[in-house]
2 protein chains.
Amino acid sequence: MTQIRTRLERGRGALGPALSLVHTGRAATRALLTAELGVTRATAGAVAAELEALGLIRVDTRPLGPSGAQGRPSHRLDVAPGGPVALAAQVHADGFRAALVGLGGEIVATAPGSMTVPADPAHVLGAVVEAGAALLRASGRVCIGAGLAVPSAVAEPEGTALNPLHLAWPAGAPVRQVFAEQILRVGILGPDGEPVPSFVGNDVNVAALAEHRHGAGRDAEHLLVVASGHRGVGGALVLGGRLHTGSAGLALEVGHLTVVPDGRPCHCGSRGCLDVEADPLAFLEAAGRTPGPEGSLLQQSRDLLREEYADPAVRAAAHVLIDRLGRGLAGLVNVLNPDRILLGGLHLHLFEADPEALRAVVADHSLWGRSGSVPLLACALDHNSLVGAAELAWQPVLDDPLAVLG
Amino acid sequence: MTQIRTRLERGRGALGPALSLVHTGRAATRALLTAELGVTRATAGAVAAELEALGLIRVDTRPLGPSGAQGRPSHRLDVAPGGPVALAAQVHADGFRAALVGLGGEIVATAPGSMTVPADPAHVLGAVVEAGAALLRASGRVCIGAGLAVPSAVAEPEGTALNPLHLAWPAGAPVRQVFAEQILRVGILGPDGEPVPSFVGNDVNVAALAEHRHGAGRDAEHLLVVASGHRGVGGALVLGGRLHTGSAGLALEVGHLTVVPDGRPCHCGSRGCLDVEADPLAFLEAAGRTPGPEGSLLQQSRDLLREEYADPAVRAAAHVLIDRLGRGLAGLVNVLNPDRILLGGLHLHLFEADPEALRAVVADHSLWGRSGSVPLLACALDHNSLVGAAELAWQPVLDDPLAVLG
DNA sequence: CTCACTTTGTGCCGACGCTAAACAAAATAG
DNA sequence: CTATTTTGTTTAGCGTCGGCACAAAGTGAG
């Protein structure tokens, strides 16, 4: 007398897409889920129930007050409070940062740290992972994976950092392997009791991912992000919701577009590259300032733009940099034809100093810019590299929740 | 008494992928189909039967002679002889060409034509479509769609030719609409009795598609194609088997990368662009030759390279162009990180004149070129733009054979 | 307040498209 | 000739989803 032999579960195939919709805030109700997934209400209901059973979302059946709309009101779909989190980590020139990031890109907890001695990767990443472990213990949450953002090109599939310029790490350091080893050593365990999977990405790349899902890049199909943090210029492209990192992870090395004919020499062997003509150091030099000892080059540049923009020298330097940046962006527009461009770091501040000037340079130097120009926007998320690192860890869950949490 | 109520057809979802495998020559037997699709033998058999019933493929059960392998020999899967064809058309500086292209990229019939007067689009495309209609009548084949390759950027989703430079057409000509109107006027009908669907693409873009499926680009995941036919330089990118044309069809406008600091002025407003520094006219000028009246600039350049390469001036000019081309390719490698690069037109001949020289320039100027360089190859298909135009028309059938032929 | 209407949520059934497994067929190897 | 290997086919069964009927929960008109 078999009682319940196999209850046929509906909506297995749509679990991942449904979770992605909740994650990016595009499905706040079952009715929206039905419309976005293109399935029947029955399937959408089963999907929501399954995600709730997995502890990922919460279905709030309470009435939401007068909505004004006709018909039976929808139940709200929220991220499950106290649900699983990803461990996010970031290393940069001045230190590191660990955080817990829940579904929806919400930063649950964060812990900064400094690197007094820019030591070897195992040392730094060990400290980051330990900070993350402390956050996890304090929160009592389940961890589904760990992501790390590094200021360097990351070669695929090896996961090595090719140019960790201002980290004093050796070129070609096996970052993914070291990170995984530290996860193993510290013992960050997932819901299955095994060490969580770990992921490493370039900081601008993962920041672009975060902006696409939770920030100023939402709903863009071809999102280009260009940013300059400390030294050099980084780029990223999100195509159809996925990072485009090229065949070996080395795409969007946008720092070596020529923007000044016969300009200053670049370490790549060429001259006048964006990398050396449009980063914070180039800006400070163009403004006739010598970099001071306190604050990063980015902070000094931002402060200069904010506080001394009335100074003609600063204003002129900003427009010189805007011109160089605009030429670089125009080259990228000609090759990639994005439907939106986000700017980060110094470029965000340059853009906000004179948005129309940058738009004009891009339009003038891109082939079809005058007919229909590309929307330029500023990055909108705090800590987008951290959130993006977490996106890497969340990705397997978004692709197939059952495989991870089933 | 219902006799055959609904015979449950197996393998509907895999029909398109299976047809693509036969189309690209990667599934010559049902056993290979089973392996490539990742389904059971039962499903693969049903898929093959369905495709045969649709008249697209032929299952050849005859023994193939001693194969040397153990076990029961596979039946061969061939393109169905006499099966449906796509109408392919190409317009270029000197004239036009129409062809019928079957599954597998095989050119079944072709008809050249000249444009004595570079007339308006409707005139030219009317003549092309009429030539295609004649081919269709003579062949007695079924037509599943029509594709057109034009030497101009094609804006999406409007389907307008933005810069039909050497066609004497107005910029912004509604090529897709005019082509569809001519298909309608001449009455090219599909299997359903309606006028066939029509498609328009840039010639280098569709050539890249053809090379990816039937030529030197097979199995590349990130394929970059750069070519120069008459004037200017065109590019294309095939990502995961699909053309990447950007958000508005305007990506891969590679002609405006700077390759000569303060070089000759370009119509884009900048200087030293690939477009004016690495096309056939630039090569003839670099070699000290004045373009003659007979033969296209490309033909004159090719003949010069083939017949007078011993001339030091020609040799030197070739290396000047190779240097400029290599710098441009290196810039693209930094941004796109392809796993293969194909060269067409003049660039093919320059590459074949001195392959190592071009490889060295690309490696020297790309950021990670010295560690692992990108394979450079020559385009391998005759008439790759024609075959590529047909690929546009075949695409709906490859995506869902039943929807088109069911 | 009641009734009509609109929209959302759920249970049941059947269809579709696949896998699994057993069997049949066609070759090679010894 | 028999054993083995690989391929092709048939049958049964199962998981997932759409369609449909019905229930539930609101708005709006009178």
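Convention: sequence-line order gives letters A, B, ...; per-chain numbering from 1.
- Protein atom CZ of A/R41 is 12 Å distant from nucleotide atom C1' of D/dG18, rounded to whole Å.
- Straight-line distance from the CG atom of A/L77 to the P atom of C/dG9: 8 Å, rounded to whole Å.
- Residue B/T43 places its side chain closer to C/dC18 than to any other of D/dT7, C/dA29, C/dC18.
- Summary of the strand contacts: A/V39 and A/A69 both lie near DNA chain D, and taking for each the nucleotide with the nearest heavy atom, the more 5' one is attributed to A/V39.
- The side chain of B/T40 sits closest to C/dT19 out of C/dT8, C/dT19, C/dC18.
- Between A/P73 and A/A14, the residue anchored nearer the 5' end of DNA chain D, judged by the nucleotide with its closest heavy atom, is A/A14.
- Atom pair B/R12:CZ and D/dC17:P shows a separation of 19 Å (rounding to whole Å applied).
- Checked by atom type and distance alone, the side chain of B/T34 pairs as donor or acceptor with a backbone atom of B/R30 at under 3.5 Å.
- Each of B/E391, B/E211, B/H212 was evaluated against B/N384; a single residue qualifies, B/E211, per the side-chain hydrogen bond (donor to acceptor under 3.5 Å, both in side chains) test.
- Following rounding to the nearest Å, A/R72 (CZ) and D/dA25 (P) show an atom-to-atom distance of 6 Å.
- Checking side-chain atoms of B/R340 against main-chain N and O of B/E221 turns up no donor-acceptor pair under 3.5 Å.
- Nucleic acid contact class of B/A42 (heavy atoms, under 4.0 Å, all strands): base.
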